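Note that ligands are numbered from 1 as they come in the structure, with each ligand's atoms numbered from 1 the same way. Source: prediction; values computed, not measured. Any value given below was found using the heavy atoms of this structure, including those in side chains, with hydrogens, waters and symmetry copies removed.
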Amino acid sequence: SRTRSNDEPPLDKGLIPWLGYALEFRKDAAKFLSEMKKKHGDIFTVRAAGHYITVLLDPNSYDEILNNSDSLVYSGQKVTEKVFSLDLTSHNRAEEKRWMQQRFHGENLDDLSRSMYKNLQVLLRSAEIVQKMTEWKQDQLFNFCYSLLFKAGYLTLFDKEHNGSSVDLAAIYKEFRTFDGLLAKMARSSLKSGEKQVAFSVRKRLWDLLSQTMQNGSGSSHSWQQDYRQLLEENGMDKEAQRRAMLLQLWVTQCNAGPAAFWLLGFLLTHPEAMRAVRREIDDLLQQGGASQGLPLDKKAETPVFDSVLSETLRLTAAVLISREVKQDTMLELADGRKYRLRRGDRVCLFPYLSPQMDPSIHDEPEVFKFDRFLNADGTKKTDFFQGKSRLKYYTMPWGAGTNICVGRDFAISAIKQFVFMVLTCFDMELSDPDSSMPPSNTIRCGFGMLQPEGDLNIRYKRKALL
Ligand code: HEM
Ligand SMILES: CCCCC[C@H](O)/C=C/[C@@H]1[C@@H](C/C=C\CCCC(=O)O)[C@@H]2C[C@H]1OO2
């Protein structure tokens, strides 16, 4: 029965009562929102499964949402409950955020990056990967990247051994991938009955595996996971909730870096000019001795070409829906002066993937991978991007923004850089079929961080140097 008031954004309830556009939203958020943008412009309200969601797609106005934390409140609670069966309503998020920020910065960050580097080295050296030096090994790139970064990330944050970890890494990775594969459907309550059973049993097995990890390690140096658990304990969280929170953190810290490394290496393998430019940069650094401790550990080593390739990869494949609950009626003033009222009880969302990231008025040929898009003509980092005459603060937003910006971004950048550096310096890697192109992305995943491919890229590789 809801109707639009004069001062509200265009309202589109869809044809089906209550359900509205839920199915279209779930199936492919990017396609649906881009159609709505064509129909209504850069702000509109849609109905989906009984909820009213206002979507704002003008990056010049994003700060209006991001900086209004009094009336527009972040809450992942509904998703957290559905996916992780975890109630965090009484949890002290502010304290947790401070803890996270501290644990992913300064010396702590350096320690974590060093540990990640060692773990990646150990995993890449392992017999399973290296095999005989002279023989090509066939693989699929997504699995290659995700499994290595997951295992190294797990060891770095959840265990602390570089060698002889106490858990079966392959088993935990397999369970994690099954869980991760069903997560978007779990969050949107669209699991089929067979999938439901799989999702709940794999979640239970992961909780059990993480409980074992929680019991391990009473030694003097603590892992990130042990310190995090102590923080939860001090906040009065019971043991059952602790292990559920641990799975949430396992997913948040591991679900993005592997897929990001896949897209990056995939773009390099399918764009020879980009691959040559990155290799040239690495070779130059190696010749100058600038990568003696492993490229990213040497803070002086500047890598503008790699950085541009990473930014371009994330522009094309990072698709998070930034969402806030409207706690009280709020007047929103957009950058061009238009004013709209947001209704209490609705949600308001930003979708940076559509704008700025894929917006043709900001990025020329936005669907094309251009490795030097984030480079100036003199080879320095490009930061000036325009929409019309106005220079943009947000020209790409893979890490989110505002109070919820990814706290692990420096660690993620360092891990992806280390991984790509190691792969390119230690292996010859090529497409099994030189004519293959990048697979499309799985549209159901859209809104949940890094996109994942529908299909994979077949590759072959062999070792070219001692690791
Ligand atoms: C390419 C890799 C990554 C991308 C694109 C990414 C992206 C994001 C985004 C967009 C958010 C905010 C979501 C929102 O607004 O609700 C976020 C949150 C977060 N990220 Fe990342 N992330 C990446 C890797 C990592 C890694 C490697 C870690 C840690 C090891 C990490 C730790 C976190 C944490 C703890 C949060 C939650 C912050 C909070 O709840 O306030 N991320 N990430
Ligand atoms: C499952 C929700 C827990 C949110 C934890 C954290 O704040 C966010 C981490 C992001 C996560 C983004 C994906 C989905 C958020 C849905 C929010 C909503 O209310 O609809 C994923 C890992 C981190 O980047 O990508």
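- Counting the atoms of ligand 2 from 1 in the order shown, those under 4.0 Å from a heavy atom of C255 are 22 (C).
- Scanning the protein for heavy atoms near atom 30 (C) of ligand 1, the closest one is F411 CD2, 3.4 Å.
- Looking at K31 and E24, no side-chain N of the basic residue comes within less than 4.0 Å of a carboxylate O on the acidic one, giving no salt bridge.
- The only option from T54, L72, T330 that meets the side-chain contact (heavy atoms from CB on, under 4.5 Å) definition with R324 turns out to be L72.
- Under the 4.0 angstrom criterion, atom 15 (C) of ligand 2 counts as lacking any protein heavy-atom contact.
- Taking atom 6 (C) of ligand 1 as the reference point, the nearest protein heavy-atom neighbour is N256 ND2, 3.4 Å.
- The ring of W224 has its center closer than 6.0 angstrom to the ring center of F104.
- Atoms of ligand 1 found under 4.0 Å from any heavy atom of A260 (numbered from 1 in listed order, with element): 1 (C).
- Separation of atoms OG1 (T253) and CD (Q225) is listed at 10.5 Å; rounding is to 0.5 Å.
- Side-chain N/O atoms of Y146 and D180 include a donor and acceptor closer than 3.5 Å.
- Residue contacts with ligand 1 for Q254 are absent, since no atom lies close enough (heavy atoms, distance under 4.0 Å).
- The structure places CG of L350 at 5.5 Å from CG of L66, a figure rounded to the nearest 0.5 Å.
- Residue contact check: F448 has heavy atoms under 4.0 Å from atoms 13 (C), 14 (C), 21 (C), 25 (O) of ligand 2.
- Using a 4.0 Å threshold on non-hydrogen atoms, atom 10 (C) of ligand 2 does not count as touching the protein.
- Taking a cutoff of 4.0 Å between a charged side-chain nitrogen and a carboxylate oxygen, E96 and R93 do not qualify as a salt bridge.
- Of the N or O atoms in Y74, one or more lie within a sub-3.5 Å distance of an N or O in ligand 2.
- Closest to atom 13 (C) of ligand 1 among all protein heavy atoms lies V320 CG2, 4.1 Å.
- Here atom 36 (C) of ligand 1 lies nearest to V252 when heavy atoms of L264, T156, V252 are compared.
- Summarising the geometry, atom CZ belonging to R47 is positioned 8.0 Å from atom CG belonging to L11; distances are rounded to the nearest 0.5 Å.
- Side-chain atoms of V420 and V423, non-hydrogen and from C-beta on, never get closer than 4.5 Å to each other.
- The structure places CD of Q77 at 5.5 Å from CG of L88, a figure rounded to the nearest 0.5 Å.
- At distances below 3.5 Å, not a single donor-acceptor pair connects side-chain atoms of D139 with backbone N or O atoms of L141.
- The N/O atoms of K97, backbone and side chain alike, include one that comes under 3.5 Å of an N/O atom in ligand 1.
- Atom 40 (O) of ligand 1 has its closest protein heavy atom at R93 NH2, 3.4 Å.
- Proximity of C406 to ligand 1, defined as any heavy-atom pair under 4.0 Å, is shared by backbone and side chain alike.
- From the protein, the heavy atom lying nearest to atom 24 (C) of ligand 1 is A412 CB, 3.6 Å.
- Neither the backbone nor the side chain of T403 has any atom closer than 4.0 Å to an atom of ligand 1 (non-hydrogen atoms only).
- Contact annotation for T253 and ligand 1: heavy atoms of both the backbone and the side chain come within less than 4.0 Å of the ligand.
- Near V407, the atoms of ligand 1 lying under 4.0 angstrom from a non-hydrogen atom of the residue are 34 (C), 35 (C).
- In this structure, the side chains of F419 and L264 stay at 4.5 Å or more apart for every pair of heavy atoms.
- Of all protein heavy atoms, the one lying nearest to atom 21 (C) of ligand 2 is W251 CH2, 3.6 Å.
- With a 4.0 Å cut-off on non-hydrogen atoms, W399 touches ligand 1 through its backbone as well as its side chain.
- In summary, the aromatic rings of Y154 and Y173 are positioned with their centroids too far apart to meet the 6.0 Å limit.
- If you check each of L86, V252, V79, L248 against atom 18 (C) of ligand 2, the one with the closest non-hydrogen atom is V79.
- In the vicinity of F84, heavy-atom distances shorter than 4.0 Å reach the ligand 2 atoms 1 (C).
- If you look at F351 and Y62, their ring centroids are not closer than 6.0 Å.
- Q197 CD: 12 or fewer foreign heavy atoms inside a 6.0 Å radius.
- Every atom of ligand 2 is numbered from 1 in the order shown, and the set under 4.0 Å from a heavy atom of V320 is 12 (C).
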Please lay out, stage by stage, how F385 and F374 fare under the test ring pair (Phe, Tyr, Trp, His ring centres under 6.0 Å). CA-CA 9 Å; F385 290 85; F374 292 88; 5.3 Å; yes

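- Numbered from 1 in the order shown, with element, the atoms of ligand 1 that lie under 4.0 Å from a heavy atom of L157 read 30 (C).
- Residue-ligand proximity: M450 is placed with every non-hydrogen atom at 4.0 Å or more from ligand 2.
- The closest approach between a heavy atom of V83 and any atom of ligand 2 is not below 4.0 Å.
- For ligand 1, the atoms sitting less than 4.0 Å from at least one non-hydrogen atom of F104 are 29 (C), 30 (C), numbered in the order shown with element in parentheses.
- Geometrically, ligand 2 and N256 share a nitrogen or oxygen pair separated by less than 3.5 Å.
- Closest to atom 12 (C) of ligand 1 among all protein heavy atoms lies N404 O, 3.2 Å.
- If you check each of G449, G400, P398 against atom 7 (C) of ligand 1, the one with the closest non-hydrogen atom is P398.
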Could you walk me through whether D372 and K382 pass the salt bridge (charged side-chain N to carboxylate O under 4.0 Å, His left out) test, one step at a time? CA-CA 9 Å; D372 53 358; K382 178 171 162 70; over 6 Å; no

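- Side-chain contact, Y228 with Q249: a donor N or O sits under 3.5 Å from an acceptor N or O.
- Heavy-atom proximity to R347, at under 4.0 Å, picks out these atoms of ligand 2: 19 (O).
- Protein heavy atom closest to atom 16 (O) of ligand 1, with residue, atom name and distance, is Y74 CE1, 3.6 Å.
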